[in-house]
Structures are given as C-alpha cells and as structure tokens.
Novice: 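Right, I'll just put the structure down here and ask away after.
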Amino acid sequence: MDKNRLCYFLRSRYPKTFGIRKRLQRLKVKRLNRHFLSEQEIEECERDASKKEEVIAPYLSRWEKYLRPAVQEMEDILENAPSYKDRKDKNVLRTDMMYCRLAYGFIPSEYVGFELENKEPNERKEFVSDIDTNVFGYSVNDITQIQSVLDKGDSYRRFSEYFGRDALVVERKDDFTSFQTFVKKHSVFVKKAVFSSMGKGVELVDINLTGESEQGYFKKLIASGKWLLEERVYQHAEMAEYNSSSVNTIRCITLKTCHGIEIPYCFMRTGRNASFVDNGGSGGLLVGIDVSTGILNTDGLDEYNDIFKAHPDTGVVFKNRRIPAWNELIGFCKKAASRVKDIGYLSWDMAYTEKGWVVIEVNEVGQFIGPQIVMKRGIKAELMEYFARMDKVI
C-alpha cells in the first residue's frame, strides 16, 4: 500500500470526536515542521553563505529517505532545465537548493520557479513554500474531510453535481455490470488513478483499441487498484485555440473567510501539442489571470521557468486575451465552495465547454506555486491576512 492510500485508510478511520481529531491534526502540522534547520543554524548560514554545505551535510544523511523526492526532483532539474543543465557550478546549486528546502521548506521546482537563486534571505521569506502550503491547508481544512477530496473517486461522489458529465468509480468485481454500461455509452473515456497529481496517472482510453475484451480489460483494471473513469470533456472552441489536444483549465483558489468565499488567485493551464493533460508538471504552461476581469495578464511559463509570449505550438499570444464567461466561473466556484463543510481552502480545476463551466478536479491542499510563478512575487504576507479571517481547525 503506497503512502497516499495508507494515509487515506488511517485518516478515514479517525475518531469522530472533535477534540481527538484536533489533537491528531496538530500532530500532522507538527510533523510537517520537524524537518527544518534550527533558527541558529539558519542565522549562521544567512550571515555566511559559505557555511551552508557544512550545516546541511548531517541532515542530508540523517533525513535521506525523507529528502529523497526533493533530491530526485533537483537532479532532474539540473539535468534537463535549459537554464541549469550546462551550468558548471552545479554543486553550489545543489547546496543552495537543499538549504532552501531545510531552511524555508521550498522544493526544487519552487526554487527554480521563484528564482530563489538570485534572492536575498528576506526576499525568499516572502514566498509561500511547499511546507507553508501544507501547514496552511491542514490548519483550515478538517483532516477527516480532506479524505473525501484526496481520493478522486470519493471527490467525484461528493462533487458530482458540478462535474457535468458521466463518471464511474471501479474497484471491485461487482462493478463490472456498471462498467459495461459505461463503456457502451462512452467507448472513449478518461481513466484516472484516484491517488495522483500533476496529470500523472491520467490516460485517454478507447475501449475498442485496447486489444482486449471488456471483461479482460476490466479485470486488469481492478487488479491494479481503484480508478475513476470519466466521460471525455470537449472544451469550448475559444479555449481549444490555445491547444486542442489538451483540455485547457483554469485553476481557481477559494478561501472561506468571515467575508464569505474569497478568490484571491486564478491562473490558466494549457498543454503542449499532442499532450492530453495541461499540468505544468507534465510539460504544460501556466498563465496568470486578473481575477477581477478574467484577462490573461502574464506570459506563459513552463515548469523550468522558461517564458513564452505566445503558445509555442499554436502561436496564440497570451497577454490581454479574455477567458470566456468569466463571471460565471467565479460565481460557480463561490457557490460550490460555500457548500463544502469544514474545508476552508480548495483549488478548483475548471474547464469551459459548450454547456458552460464544469469541474475537472477538486484539490484539497493545492500548491501555491502556480500563482507565485506567474506573478513573479511572493504572497506569504497577503495569504496570512486571509488566514487571519478564516476559521482554524487546530
């Protein structure tokens, strides 16, 4: 059982008594904050950058398993990112990336996207890191309620009225009859692993091209876990102009505050030619949006922080284009978020179709990397202002 499945299994069985859940939630936040340098060590490194390698070395060894994903991501960046792959000072970069992880909680993709290499310590602290995001999320979202969003199958069941399409969760032999009915109606469908992110585990399937019988395909499917099957979404022609092979989506962040539902940040994601998904982590581009107008107000940026004034495959210029039916999108997300109990922070991935806006996916603790990358600035101070207006669960 992988980590996500194990967490889901344990948290879904937490006692319903609020006091006990609250203590468990505090423990989660405490665990998030345990892999950091001491304040004294951070101050020492900020006074003298040459101390970084010496200070972090013992922790890289002691916390090797915990830091392994960050190290793997770092090496991928140093090997493939155009602005880093030919650098001669990679060891210096490795030290600084790992220092930023241990001092501030930034993962390597944030280091690149936020251009932390060229920033002073006080500037780095203006950005919301991966750890900051998780602490924020687990401070305003009930840990047991999060489970109904973490699992894509459960998320569909909870938010099905907003999906605007057929979908089916399959995990047991008893689901075969429902599967047959579904594929008879939708021979081409989207298959999603229920515990996945950044477009991974998402596949467009044509049941007639699998080379297997329906029963054979179904048996292999459930043998590999729980899956969400969805009717394929066909986006509106206005959104397909950016890239037609992917469903280009809007990430809309909602915060439940004493002022009601507030939407501080939105951005667009568009895929590359022949890519079915639009996620930045899968090669897509991010573009900033003025929340008040729905107008694109930045160039496109990819996961390596390369800038594109126009889509590299379609030639569509990003800045000053307007997202269609923008007020409808804002109203949709505010209405949906207002109906969610005990979750104050959600990220909605929305697609515009001929029938209007539909939910592609709901994220329980979505990263704040997207808005900070496109806006080229940190948002920690303003996020803390929103935080002060929100109900806390710890």
Side-chain angles (χ1 to χ4, degrees), residues 80-83 109 112-115 164-165 188 190 198-200 202-204 232-253 263-333 347-361 363 366-377:
N80 297 302
S83 57
S109 54
V112 174
F114 304 160
E115 300 176 330
R165 61 193 180 280
V188 178
V190 178
M198 297 187 294
K200 297 172 182 175
V202 179
E203 181 185 353
L204 186 65
R232 185 177 185 179
V233 172
Y234 291 94
Q235 66 190 332
H236 194 283
E238 286 188 65
M239 293 302 293
E241 289 180 7
Y242 296 101
N243 182 64
S244 60
S245 68
S246 62
V247 175
N248 307 306
T249 61
I250 306 300
R251 168 64 63 91
C252 181
I253 294 171
I263 298 180
Y265 314 108
C266 294
F267 58 92
M268 184 180 78
R269 301 187 303 196
T270 177
R272 296 292 303 272
N273 187 33
S275 173
F276 178 61
V277 296
D278 64 352
N279 304 71
S282 300
L285 305 179
L286 310 180
V287 189
I289 303 175
D290 181 332
V291 176
S292 64
T293 64
I295 293 175
L296 301 184
N297 59 4
T298 75
D299 296 322
L301 294 101
D302 68 9
E303 63 177 322
Y304 296 133
N305 208 32
D306 293 320
I307 299 173
F308 300 85
K309 292 186 179 298
H311 194 290
D313 303 312
T314 63
V316 173
V317 176
F318 294 118
K319 274 189 179 179
N320 297 319
R321 285 179 67 95
R322 186 186 298 272
I323 300 298
W326 184 251
N327 290 337
E328 286 84 345
L329 168 66
I330 296 298
F332 185 115
C333 291
S347 298
W348 305 80
D349 291 339
M350 305 292 298
Y352 187 54
T353 73
E354 296 292 343
K355 298 179 181 179
W357 289 101
V358 298
V359 169
I360 295 296
E361 195 168 288
N363 301 275
Q367 291 180 312
F368 285 108
I369 184 172
Q372 294 181 106
I373 283 180
V374 297
M375 294 189 298
K376 296 290 186 182
R377 64 178 178 84

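Throughout, numbering of the chain's residues begins at 1 and tracks the sequence. This is a predicted model, so every value here is computed, not measured.
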Novice: Enter the distance from Tyr242:OH to Leu296:CG here, rounded to the nearest 0.5 Å.
Specialist: 4.5 Å

Novice: Can you name the nearest heavy-atom pair linking Ala310 to Gly315, along with the distance?
Specialist: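 Heavy atoms of Ala310 and Gly315 come nearest at CB-O, 3.7 Å.
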
Novice: Taking all atoms of both residues into account, what is the closest heavy-atom pair of Val112 and Tyr304, and its distance?
Specialist: CG1-O, 3.6 Å

Novice: Mark yes or no for whether Asn248, through its side chain, and Met239, through its backbone, hold a donor-acceptor pair below 3.5 Å.
Specialist: yes

Novice: Shortest non-hydrogen contact from Asn243 to Ser245?
Specialist: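 Reported closest heavy-atom pair: ND2-OG, 3.0 Å.
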
Novice: After noting the C-alpha distance and the side-chain angles of Met350 and Ile360, does the key distance pass the side-chain contact (heavy atoms from CB on, under 4.5 Å) rule?
Specialist: CA-CA 6 Å; Met350 305 292 298; Ile360 295 296; over 6 Å; no

Novice: First locate atom CD1 of Ile289, then atom CH2 of Trp326, and finally report the distance between them rounded to the nearest 0.5 Å.
Specialist: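 Spacing of CD1 (Ile289) from CH2 (Trp326) equals 4.0 Å.
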
Novice: Indicate yes or no: at least one non-hydrogen side-chain atom of Tyr265 is less than 4.5 angstrom from one of Val374.
Specialist: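 Answer no - side chains too far apart.
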
Novice: Quick one: do Arg269 and Leu286 satisfy side-chain contact (heavy atoms from CB on, under 4.5 Å)? Show the steps, please.
Specialist: CA-CA 5 Å; Arg269 301 187 303 196; Leu286 310 180; 3.6 Å; yes

Novice: Does any donor atom in the side chain of Asp349 or Ser347 lie under 3.5 Å from an acceptor atom in the other side chain?
Specialist: no

Novice: How long is the span from the CD1 atom in Ile323 to the OH atom in Tyr352, to the nearest 0.5 Å?
Specialist: 11.0 Å

Novice: Walk me through whether Phe308 and Val287 qualify under side-chain contact (heavy atoms from CB on, under 4.5 Å).
Specialist: CA-CA 10 Å; Phe308 300 85; Val287 189; over 6 Å; no

Novice: Just verifying a value: how many Å separate Ser292 OG and Asn297 CG, rounded to the nearest 0.5 Å?
Specialist: 9.0 Å

Novice: So do the side chains of Asn305 and Lys376 get within less than 4.5 Å of each other, counting heavy atoms only?
Specialist: yes

Novice: Tell me whether Glu241 contacts the main-chain N or O of Thr314 through its side chain, where contact means a donor paired with an acceptor under 3.5 Å.
Specialist: no

Novice: Strictly distance-based, threshold 3.5 Å: is any side-chain N or O of His311 a donor or acceptor partner for the main-chain N or O of Gly271?
Specialist: yes

Novice: If you define the side chain from C-beta out and look only at heavy atoms, does anything of Ser109 sit under 4.5 Å from Glu303?
Specialist: no

Novice: Can you name the salt bridge (charged side-chain N to carboxylate O under 4.0 Å, His left out) partners of Lys319, sequence neighbours left out?
Specialist: none

Novice: Step by step, work out the side-chain contact (heavy atoms from CB on, under 4.5 Å) result for Asn363 and Arg251.
Specialist: CA-CA 10 Å; Asn363 301 275; Arg251 168 64 63 91; 3.3 Å; yes

Novice: To the closest 0.5 Å, what do you measure between CH2 (Trp357) and CD1 (Ile330)?
Specialist: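 Between Trp357 CH2 and Ile330 CD1, I get 9.0 Å after rounding to 0.5 Å.
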
Novice: Taking the side chain as everything from C-beta on, heavy atoms only, tell me whether Arg322 gets closer than 4.5 Å to Ile295.
Specialist: yes

Novice: Do you know which two heavy atoms are closest between Ala237 and Glu354, and how far apart they sit?
Specialist: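 Reported closest heavy-atom pair: N-OE2, 4.0 Å.
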
Novice: Give me the atom names and distance for the closest heavy-atom approach of Gly300 to Phe318.
Specialist: N-CD1, 3.5 Å

Novice: From the options Thr298, Thr249, Ile250, select the one residue that forms a side-chain contact (heavy atoms from CB on, under 4.5 Å) with Met268.
Specialist: Ile250

Novice: So which heavy atom on Phe267 is nearest to which on Gly288, and how close?
Specialist: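 Shortest heavy-atom contact: CB-CA, 4.3 Å.
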
Novice: If you measure from CG on Asp299 to CG on Asp306, what distance do you get to the nearest 0.5 Å?
Specialist: 12.5 Å

